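Data block below; observations after.
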Amino acid sequence: MHLELHHLDVFSLEETPERLFDLSLQRDMLRAETIYSLVSKAIVRNRPRATGHPGFSSSIISGLAQGSGEYFTRLGVSTLPRYLYMVLDTGSDVVWVQGSPYSSECNKRRKCLYQVSYSDSSVTFGDFSTETLTFRITKVGRVVLDCGHDNEGLFVGAAGLLGLGRGRLSVPTQARHRFNRKSSYYLVDRSVSSKSSSMIFGDAPIPQTTVFTPLLTNPKLDTFYYVELLEISIGGTRVRGITPSLFKMDPASNGGVIIDSGTSVTRLTRPAYIAMRDAFRIRASNLKRVPDFSLFDTCFDLSGKTSVKVPTIVLHFRGADVSLPATNYLKQRNLLLCFGGYHEWFVHYWKHSATKFPGGF
């Protein structure tokens, strides 16, 4: 079962690249705060109390802000399908679609009510029920979802959200038996490729360049997909000061590294980022430094240059070394070139606790 995916910026053709980039950074800040808040609340919620005793396929378009992803897909809802653009989000589990406004009296009609609140005050409220979803020509019946009647906050541009997390209410979990517990998504670099992004439930061909790394779990929060990042190389040399302990989840479930479809900017712990940034500056000493810009603290002047050579970056995961294209960690704006964690695409695949990276990140 295949779905085509579309990027958010496809719907903003009137905006300049600079404006789209600024909007992406704003959305990322909110989403990062939300993810941090969710993990923190889960840790507090599951903290032991003192008791006196010991111890399918579709095409993809593009995304949204907090509580959603950066890519859309078009799905049919109901037995006689009404087609809607829904946000893909590996950082949440709930599936919801936009319904009609209504009053809270509907619970008198024996419908289950739901409310999902996000840390930036976005909220969706409505009926909890089951429905048929159509992925292109494939129908999946009795999918538990929410029919939202009051959706407030940063849900602009979508008619619903497709939760792809690891929790019980996500689509991959609900449909796991039908599709042999396999699902994947492929987000292409839309700036250089004419190929469409896609999402697949079931078997999919695996490129020969694919490498695998195990997925980890957070015992206090089952939604997110964690991976084990060990080290980072700059210009072919491992960065001093970056060790596995900087990215490891501790016994209290703090820390760890997640892969998230709704985040464009890669964020590292401060010690890891400083070590990585300083190593990059040394390797890029042939370029002229200029003052900081926006979130970026390492920028270079490209005046008078038609091309430049920059240091390579490799992320070393458990069992998988992923070399990043320069466009994944350098952002050009006019004659300014800035170093950072901005990336346009990555691939995520989950089956038997494995993530695949087919030739890029």
Side-chain angles (χ1 to χ4, degrees), residues 1-6 34 38 56-61 63-104 106-107 109-118 122-179 181 183 185 199-202 222-225 261-262 350:
M1 187 173 66
H2 293 252
L3 295 169
E4 185 177 348
L5 308 181
H6 309 269
T34 297
L38 287 172
F56 332 109
S57 144
S58 175
S59 44
I60 299 176
I61 310 178
L64 195 9
Q66 188 280 18
S68 66
E70 281 295 324
Y71 285 80
F72 288 103
T73 191
R74 189 168 180 263
L75 297 181
V77 179
S78 188
T79 306
L80 298 176
R82 177 170 64 101
Y83 284 89
L84 308 170
Y85 280 111
M86 299 179 66
V87 168
L88 273 72
D89 188 13
T90 62
S92 65
D93 301 317
V94 173
V95 181
W96 65 265
V97 296
Q98 175 66 55
S100 302
Y102 80 118
S103 71
S104 60
C106 68
N107 59 347
R109 300 197 300 270
R110 296 184 179 181
K111 292 184 178 180
C112 294
L113 300 182
Y114 83 93
Q115 177 174 327
V116 178
S117 299
Y118 298 87
S122 294
V123 62
T124 174
F125 177 81
D127 299 327
F128 194 65
S129 61
T130 61
E131 190 54 274
T132 297
L133 298 183
T134 301
F135 298 78
R136 288 186 172 167
I137 62 173
T138 303
K139 293 184 180 293
V140 181
R142 299 189 59 80
V143 176
V144 176
L145 54 75
D146 304 328
C147 182
H149 299 287
D150 184 9
N151 307 307
E152 301 176 7
L154 298 176
F155 298 130
V156 179
L161 185 146
L162 196 68
L164 298 176
R166 306 174 84 173
R168 291 182 298 172
L169 294 178
S170 72
V171 172
T173 300
Q174 291 193 59
R176 64 188 184 277
H177 297 300
R178 176 168 181 174
F179 301 111
R181 299 176 180 267
S183 55
Y185 66 80
M199 179 173 61
I200 301 173
F201 292 92
D222 59 2
T223 296
F224 297 131
Y225 295 90
S261 65
W350 58 93

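Here the structure is a predicted model, which means the values were calculated and not measured.
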* Could you state the interatomic distance from CG (L164) to CG (L88), rounded to the nearest 0.5 Å? -> 5.0 Å

* To do: Enter the distance from S261:OG to Y185:OH here, rounded to the nearest 0.5 Å.
  => 5.0 Å

* **Interatomic spacing from CG in L80 to OG1 in T134 - rounded to 0.5 Å** => 9.5 Å

* For the student: nearest non-hydrogen atoms of P172 and G163, plus distance -> CD-O, 3.8 Å

* Structure fact -> Of all heavy-atom pairs linking Y83 and R136, the shortest is OH-O, 3.7 Å

* Asked: Can you name the residues that form a side chain to side chain contact (heavy atoms under 4.5 Å, CB included) with S78, not counting sequence neighbours?
  -> E131

* Structure fact -> Applying side chain to side chain contact (heavy atoms under 4.5 Å, CB included) to V143 and not counting sequence neighbours gives L133, V140, Q174

* Asked: Step by step, would you call L169 with F128 a side chain to side chain contact (heavy atoms under 4.5 Å, CB included)?
  -> CA-CA 11 Å; L169 294 178; F128 194 65; 4.2 Å; yes

* Asked: Under 4.5 Å between any side-chain heavy atoms of D127 and D146, yes or no?
  -> no

* Asked: Hey, does the side chain of Y225 reach the backbone of G165 with a donor-acceptor pair shorter than 3.5 angstrom?
  -> yes

* Do K139 and T132 have side-chain N/O donor and acceptor atoms under 3.5 Å apart? -> no

* To do: Output, in order, the C-alpha distance, side-chain angles, deciding distance and verdict of side chain to side chain contact (heavy atoms under 4.5 Å, CB included) for L145 and W96.
  => CA-CA 5 Å; L145 54 75; W96 65 265; over 6 Å; no

* Of T173, V171, T223, which is the lone residue that meets side chain to side chain contact (heavy atoms under 4.5 Å, CB included) with D93? -> T223

* Reported CG-to-CE distance for the pair L162 and M86, which is rounded to 0.5 angstrom -> 5.0 Å

* Go through S183 and I200 one step at a time and tell me if the side chain to side chain contact (heavy atoms under 4.5 Å, CB included) criterion holds. => CA-CA 6 Å; S183 55; I200 301 173; over 6 Å; no

